[in-house]
**Student:** 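One structure, as structure tokens, below. Some questions next.
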Amino acid sequence: MEKPPPNLKTMERVVSHRALQMGNSFSCQICVLGFLSGVCIASVFMAALTSFGAFEFRGDSLSMGIIQRNSSSNIIKTERWIPGYSNGVDDEEEDTVALLYSAWSSVLGAGEPSDAVDKFLRSNGSNQWMLPKAPHLEDCKLMSELNKRLDDRQGEETFPRWTSWKGALDTRQTPSTDDQIKRLRHREASSGSYPPWIMGSDEENYPLTRKVQRDLWIHQHPMNCSDPNVRFLVADWERDPGFGIGAQFAGMCGLLAIAIREKRVLVTNYYNRADHEGCKGSSRSSWSCYFFPETSQECRAQAFELMKHGEVWAKGIVTAKQNYTSKEIWAGRIPRQWGKPWSYLQPTTEINGSLIAYHRKMDRRWWRAQALRYLMRFQTVYTCSLMNEARHRAFGKEAAKHVLSSPGRGWPQSRAPGKGKSDMEEFVWSSHRAWIPRPLLSVHVRMGDKACEMKVVEFQEYMSLADRIRRRFPHLNSIWLSTEMQEVIDKSKLYPQWKFYYTNVTRQAGSMLMASYEASLGRETSTNYPLVNFLMASDADFFVGALGSTWCFLIDGMRNTGGKVMSGYLSVNKDRFW
């Protein structure tokens, strides 16, 4: 008789272990044994999970993907492949880890705790209040509310409430009589506090990053959008199928440069990659589906109203992308009001063992980093949820092991009901980012049709650079791998000394054009999974890529305005130099 696969045995152990805890009486045990012996156990268990999410097991990887109830065709699953994996824990501990992972999956899949979720948890000896916090997941709704406070003026304030601290401390109630604290906060915000979306010090970012980000926000958020002196540049994102996401980003960075030079407020209009079912309501076909809008709602409304009147076009009060040449958009002059900070960029990019002290278009490299950092300053609930799902599928089991191994954890049987958040958790620790296994190396392998623009190299050359980093940082053993080529994913199994994580989407098996490949995935998937990879790469501790790739170029810019400039960038080629 054929031996059942190990993953199926794990599922059976989870069910058996939980079911046998339902009662100690003889009659109850008889019922349980009869229940387990019947085929119906599989139906009941799988039906319960399907209501919230489902396990997906693959023999060649340790993979658990949640299947969302509202969609089955646009899933972004994440694979974790660990060669020679052995968890080194007994069956009962493994069952508990799987159960906690499943419980987190049910809440994540439901979005908000519901009666159905609570019923599922109670059937496994727990409830919503006893469920341990998932360190790798963010409260997307709360984060969006906090970030909105930091992106809006409050009442008559000149600036948002930017202060020297982050997180939810600003929401903590202070005595109404403490006017001095309020005055000091206002003075700090108006006199020099920097935007809270910048990570790290000045030395850990491109020159002037914090000042530039502050100035960009002020420029894009005039006090009175109805002032006749406020002018606008309203622009659609590039929508030609030949433009990838990276090219679209680069084009909008060029339009923002024009708006800054001409003292116009940039208003982004139609974004084809957000024209799908995942983007709801007013965020459909808009950049605001993924990130906070580039300007205030008042300015957007004013610009769209002015566009209806022919005289504003004749007077130049409103311009559009059609008013500028391709050269002006893609290779135009960079704003000069901050001087030439790119002229003293320190080299942290390496090729063939040597740092690149200078390469072409240093001004464009610096500017695109600043512009993209501003445009991506805050994630929406939708993007935050995408990142939660990706982290859960990649790191959820590891997070569960860490939580269950911490002192005082007896979940699900003996953990006392939660007493709510302490002040420290609610106001101070709220700013801590979601957990991922660190250190983490991001590797982006660009091949396929990119061969017409740059020299493409084999995966082994990327891994050679990864091994170099590991020799310097021996505790590094995890790689977030992004690529459009299936052969790269297959070859990752030749490196048993590394743990690989990657999104589980259909990849190319040949040299298909990128536009054709994206069309085969569908608009939602072809937008969401690259964005997940992009944000993961921006947050990773180290980065290996190809300097000739626009995508890698932009990832490098996000890292260099995200506190990662001293982590360096190892490139497999030196093509273009931009």
Side-chain angles (χ1 to χ4, degrees), residues 194-195 197-217 219 246-247 249-258 260-261 329-377 441-442 444 446 454 465 468-469 472 534-535 537-578:
Y194 292 105
W197 57 86
I198 302 302
M199 306 298 295
S201 64
D202 289 336
E203 294 80 9
E204 294 170 305
N205 290 289
Y206 272 166
L208 299 184
T209 290
R210 295 200 293 175
K211 174 174 175 49
V212 172
Q213 293 300 308
R214 175 186 172 94
D215 292 347
L216 287 176
W217 191 93
H219 173 89
F249 290 172
M252 194 54 70
C253 290
L255 287 163
L256 180 57
I258 292 172
I260 296 295
R261 292 201 319 266
I329 295 172
W330 295 92
R333 189 165 55 88
I334 303 305
R336 293 296 201 271
Q337 58 260 55
W338 300 288
K340 298 181 179 181
W342 50 83
S343 64
Y344 52 91
L345 287 179
Q346 291 299 312
T348 58
T349 302
E350 182 192 283
I351 297 175
N352 295 329
S354 299
L355 289 175
I356 304 174
Y358 175 84
H359 55 92
R360 296 192 302 272
K361 305 301 181 184
M362 293 285 278
D363 56 345
R364 193 178 305 163
R365 184 185 189 193
W366 177 87
W367 168 250
R368 285 182 177 175
Q370 300 295 342
L372 198 56
R373 170 58 61 181
Y374 173 76
L375 292 172
M376 291 185 167
R377 65 193 182 281
L441 165 64
S442 173
H444 180 68
R446 185 69 168 96
M454 70 176 197
L465 295 179
R468 273 196 47 216
I469 299 175
R472 175 60 178 82
F534 187 90
L535 295 173
S538 301
D539 189 41
D541 299 282
F542 303 99
F543 182 56
V544 171
L547 195 61
S549 162
T550 302
W551 195 243
C552 289
F553 179 91
L554 295 173
I555 289 173
D556 184 48
M558 282 290 284
R559 293 174 58 78
N560 291 332
T561 54
K564 305 286 185 182
V565 72
M566 296 307 294
S567 296
Y569 170 23
L570 275 66
S571 175
V572 296
N573 68 7
K574 60 179 181 179
D575 290 44
R576 294 200 286 189
F577 280 84
W578 297 97

**Student:** What is the distance from atom CG of L216 to atom CD1 of I260, rounded to the nearest 0.5 Å?
**Tutor:** 5.0 Å
**Student:** If the condition is side chain to side chain donor-acceptor pair (under 3.5 Å), which residues does D539 pass it with, not counting sequence neighbours?
**Tutor:** R433, R438
**Student:** What residues, two or more places apart in sequence or in another chain, satisfy side chain to side chain donor-acceptor pair (under 3.5 Å) together with H444?
**Tutor:** S482
**Student:** What I'd like to find out is whether the side chain of L441 reaches to under 4.5 Å of the side chain of D541, using heavy atoms alone.
**Tutor:** no
**Student:** If you round to the nearest 0.5 Å, how far is OH of Y344 from CD of Q346?
**Tutor:** 10.5 Å
**Student:** Taking only residues at least two apart or on different chains, which pairs with a member in residues 558-569 satisfy side-chain hydrogen bond (donor to acceptor under 3.5 Å, both in side chains)?
**Tutor:** Y206-N560, R373-T561, D556-N560
**Student:** Report the residues that fulfil salt bridge (charged side-chain N to carboxylate O under 4.0 Å, His left out) with K340, sequence neighbours left out, ordered by chain and then residue number.
**Tutor:** none
**Student:** To the nearest 0.5 Å, how far apart are CD1 in I198 and CD in Q213?
**Tutor:** 4.5 Å
**Student:** Flag the pair F543 / C552 as yes when at least one side-chain heavy-atom distance between them is below 4.5 Å, and no otherwise.
**Tutor:** yes
**Student:** Quick one: closest heavy-atom pair of I351 and S571, and the distance?
**Tutor:** CG1-CB, 3.9 Å
**Student:** Under 4.5 Å between any side-chain heavy atoms of F534 and M558, yes or no?
**Tutor:** yes
**Student:** Just verifying a value: how many Å separate T349 OG1 and L570 CG, rounded to the nearest 0.5 Å?
**Tutor:** 9.0 Å
**Student:** Over all heavy atoms of both residues, which pair between P207 and L345 is shortest? Give the atoms and the distance, please.
**Tutor:** CD-CD2, 3.2 Å
**Student:** Can you list everything that forms a side chain to side chain donor-acceptor pair (under 3.5 Å) with E204? Sequence neighbours excluded, please.
**Tutor:** S201
**Student:** Measuring from W367:CH2 to C253:SG, what's the distance to the nearest 0.5 Å?
**Tutor:** 7.5 Å
**Student:** List for me each residue that meets side chain to side chain donor-acceptor pair (under 3.5 Å) alongside E350, sequence neighbours excluded, and say none if there are none.
**Tutor:** R468
**Student:** Would you name the heavy atoms of V544 and L465 that are closest together and state the gap between them?
**Tutor:** CG1-CD1, 4.0 Å
**Student:** How about Y194 and K211: do any of their side-chain heavy atoms sit closer than 4.5 Å?
**Tutor:** yes
**Student:** Less than 4.5 Å apart, any side-chain heavy atom of L208 and any of D202?
**Tutor:** no
**Student:** With T348, which residues qualify under side-chain contact (heavy atoms from CB on, under 4.5 Å), at least two apart?
**Tutor:** V565, M566
**Student:** Just so I know, are the side chains of R368 and F249 near enough to count as touching, which here means a heavy-atom distance under 4.5 Å?
**Tutor:** no
**Student:** Enumerate donor-acceptor pairs with a distance under 3.5 Å from any side-chain N or O in residues 329-337 to protein atoms, sequence neighbours excluded.
**Tutor:**
from : atom 1 : to   : atom 2 : distance (Å)
R336 : NH1    : I334 : O      : 2.7

**Student:** Write out all pairs satisfying salt bridge (charged side-chain N to carboxylate O under 4.0 Å, His left out) with one or both partners inside residues 543-553, taking only residues at least two apart or from two chains.
**Tutor:** none
**Student:** What is the distance from atom CG of N205 to atom CZ of R210, rounded to the nearest 0.5 Å?
**Tutor:** 8.5 Å
**Student:** With sequence neighbours excluded, tell me which residues meet side-chain contact (heavy atoms from CB on, under 4.5 Å) with R377.
**Tutor:** D151, W197, W217, H221, F292, Y374
